[in-house]
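As structure tokens, the structure follows; a few thoughts come after it.
Proteins get letters first, then strands, A, B, ... in listed order; numbering begins at 1 in each. As a basis for the values below, the full set of heavy atoms in this structure was taken, side chains included, without hydrogen atoms, waters or symmetry mates.
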There are 2 protein chains.
Amino acid sequence: MSKLAAILRQQGYKLTPQRRAILGVVALSQEHLSPAAIYTEVHRKHPEVGRVTVYRTLEILVRLGLICEVHTGGKEHNFILRAREDHHHHLVCSGCGRVVDFASCHLERLERKLSRETGFTIDEHMLEIHGRCPQCTGGEK
Amino acid sequence: MSKLAAILRQQGYKLTPQRRAILGVVALSQEHLSPAAIYTEVHRKHPEVGRVTVYRTLEILVRLGLICEVHTGGKEHNFILRAREDHHHHLVCSGCGRVVDFASCHLERLERKLSRETGFTIDEHMLEIHGRCPQCTGGEK
DNA sequence: TTACAAATGAAAATCAGTTTCATTTATATT
DNA sequence: AATATAAATGAAACTGATTTTCATTTGTAA
Ligand SMILES: [Mn+2]
Ligand SMILES: [Mn+2]
Ligand SMILES: [Zn+2]
Ligand SMILES: [Zn+2]
């Protein structure tokens with residue numbers, strides 16, 4: 001039983017063949033994946049898995065913090081396995097979708113300032129930087 | 001003739017009543033607006049303006065760099081006049097959904113460092129901070 | 001005026017994602 | 001193993017924002 005499956009089980013979710021299949025695809029991919037891409041991949045080996053189940057499984061994985069969304073600018077949602085660090089940010093290439101992780105962001109001072117000025121209690125932040133990777137820079141879109 | 005209208009004209013776009021109306025709404029708003037919100041506002045005074053024209057005009061304004069998109073996390077696109085600030089970020093209350101805007105984020109050094117290390121050309125960043133507003137702090141999830 | 005490419009909008013299409021609901025199934029309990 | 005049952009599933013219908021199509025209108029230059 002995979003790591004993800006074990007966590008799902010432990011959280012009280014049933015371990016269905018459909019979920020196993022989806023978890024397998026998500027866990028093995030190094031790239032960020034759209035629900036459609038996951039569906040296509042899963043469907044190849046397990047034609048009994050429906051699109052709705054892909055969406056629902058992704059929803060659970062996000063809720064449990066096992067995957068996170070990558071905002072790529074397109075109209076589809078994109079998800080990627082969450083790394084273990086608590087700071088996990090993305091540098092996304094708007095040309096090819098390539099994603100570079102980074103962890104340092106030095107937002108502590110900004111957060112303290114905002115907290116002081118607004119009275120908010122700060123829990124977390126989401127930071128994404130968009131640009132073009134070396135291969136996509138130069139070649140026009 | 002407004003500033004925006006003049007630029008449009010100068011770029012070879014025809015100055016239609018519909019575009020004047022849309023430009024007026026966008027130029028006067030201090031907030032970021034969705035196409036639907038702009039349509040509603042414009043439609044009040046100029047019922048002859050259709051939704052499609054709102055979308056098409058916004059597309060032109062983005063292309064000319066006169067407005068920019070604000071990523072709010074919702075499903076609608078949101079746009080705001082470009083002139084005002086380069087940076088537009090959100091502090092979001094996870095309790096009640098209240099949103100506070102802020103502009104300073106001091107990510108220049110981080111962006112330079114990432115650019116140097118990865119070879120990426122940096123275009124923009126999206127920063128969202130989540131927490132609980134004064135009214136919601138103390139309450140449960 | 002005239003000419004005509006540009007612009008418009010009603011309607012239809014698209015497209016990702018969500019909801020509904022009748023049916024199936026994983027798992028805990030006998 | 002048999003049973004009970006809430007959870008999970010998927011086909012189909014729906015949603016809501018955006019896009020496309022295309023017949024008609026219009027701003028602008030000549
Ligand atoms: Mn790239
Ligand atoms: Mn805002
Ligand atoms: Zn961070
Ligand atoms: Zn709040």
Side-chain angles (χ1 to χ4, degrees), chain A residues 1-2 4-25 32-64 67 69-79 97, chain B residues 1-2 4-26 32-64 67 69-79:
Chain A
M1 181 155 60
S2 78
L4 293 182
I7 296 175
L8 235 67
R9 192 74 266 293
Q10 170 193 330
Q11 294 294 320
Y13 293 97
K14 290 183 180 175
L15 220 40
T16 64
Q18 291 92 335
R19 284 180 178 164
R20 283 178 197 275
I22 295 166
L23 259 39
V25 168
H32 54 88
L33 296 169
S34 64
I38 293 170
Y39 172 74
T40 302
E41 180 83 357
V42 168
H43 202 257
R44 267 222 316 273
K45 295 216 126 184
H46 306 267
E48 74 276 10
V49 180
R51 264 180 253 279
V52 198
T53 300
V54 172
Y55 281 108
R56 286 193 281 230
T57 303
L58 290 174
E59 194 183 348
I60 293 170
L61 294 177
V62 168
R63 194 184 315 134
L64 296 182
I67 62 176
E69 192 173 353
V70 178
H71 300 87
T72 53
K75 51 272 154 289
E76 287 179 315
H77 289 173
N78 283 96
F79 301 94
Chain B
M1 182 155 58
S2 79
L4 293 182
I7 297 177
L8 236 65
R9 191 74 264 295
Q10 168 194 330
Q11 294 294 320
Y13 293 98
K14 291 183 178 173
L15 220 41
T16 65
Q18 292 92 333
R19 284 180 177 165
R20 282 175 196 277
I22 295 167
L23 259 38
V25 168
V26 170
H32 46 89
L33 296 169
S34 64
I38 294 169
Y39 171 75
T40 303
E41 181 83 356
V42 168
H43 202 257
R44 266 221 317 274
K45 295 215 127 183
H46 306 268
E48 74 277 9
V49 180
R51 275 188 189 78
V52 198
T53 300
V54 173
Y55 280 105
R56 286 193 280 230
T57 304
L58 290 174
E59 195 183 348
I60 293 170
L61 294 177
V62 168
R63 195 184 314 136
L64 296 181
I67 61 175
E69 190 172 357
V70 177
H71 301 91
T72 53
K75 52 275 153 280
E76 286 178 316
H77 289 173
N78 283 95
F79 301 95

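- Here the OG atom belonging to A:S2 is positioned 13.0 Å from the CZ atom belonging to A:R9, to the nearest 0.5 angstrom.
- Between the P atom of D:dA8 and the CD atom of A:E59 lies a distance of 11 Å, rounded to the nearest Å.
- Across the protein-nucleic acid pair, A:R19 atom CZ and C:dT25 atom P stand 14 Å apart, rounded to whole Å.
- As rounded to whole Å, 12 Å separates atom C1' of C:dA7 from atom CG of B:L8.
- Between B:I60 atom CD1 and C:dA6 atom C1' the separation is 10 Å, expressed in whole Å.
- In this structure, A:L64 CG and A:L8 CG are separated by 6.0 Å, a value rounded to the nearest 0.5 Å.
- Residues A:V62 and A:F79 form a side-chain contact, since some pair of their non-hydrogen atoms from C-beta on lies under 4.5 Å apart.
- For the atom pair B:R51 CZ and B:T40 OG1, the distance stands at 7.5 Å (nearest 0.5 Å).
- The two residues A:I22 and A:V54 have their closest heavy-atom pair at CD1-CA, 3.7 Å.
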Protein within reach of the bases, or only the backbone? For nucleotides 11-21 of chain C, mark each nucleotide 5' to 3' as B, S or -, using heavy atoms under 4.0 Å. B----SBBBB-

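- In this structure, CG on B:L58 lies 4.5 Å from CD1 on B:I67, to the nearest 0.5 angstrom.
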Please output the side-chain donor-acceptor pairs of residues 10-19 of chain B that fall under 3.5 Å, not counting sequence neighbours, one pair per line with the distance.
unit_1	atom_1	unit_2	atom_2	d
B:Y13	OH	B:R63	NH1	2.7
B:T16	OG1	B:R19	N	3.1
B:R19	NH1	B:K14	O	2.9

Only pairs under 3.5 Å count here: list side-chain donor-acceptor contacts from residues 41-49 of chain A, not counting sequence neighbours, and write none if there are none.
unit_1	atom_1	unit_2	atom_2	d
A:H43	NE2	A:Y39	OH	3.3
A:H43	NE2	A:P47	O	3.2

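- Among residues two or more places apart in sequence or in another chain, the side chain to side chain donor-acceptor pair (under 3.5 Å) test is passed with A:H32 by A:N78.
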Protein-proximity profile, nucleotides 23-28 of chain D, B/S/- by nucleotide at the 4.0 Å heavy-atom cutoff, equals ----BS

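- Between the axis at the start and the axis at the end of the helix from C:dT1-D:dA30 to C:dT30-D:dA1 there is an angle of 30°, using five pairs per end and rounding to 10 degrees.
- Protein atom CD1 of B:I38 is 14 Å distant from nucleotide atom C1' of D:dA17, rounded to whole Å.
- Separation of atoms CZ (B:R56) and CG (B:L61) is listed at 14.0 Å; rounding is to 0.5 Å.
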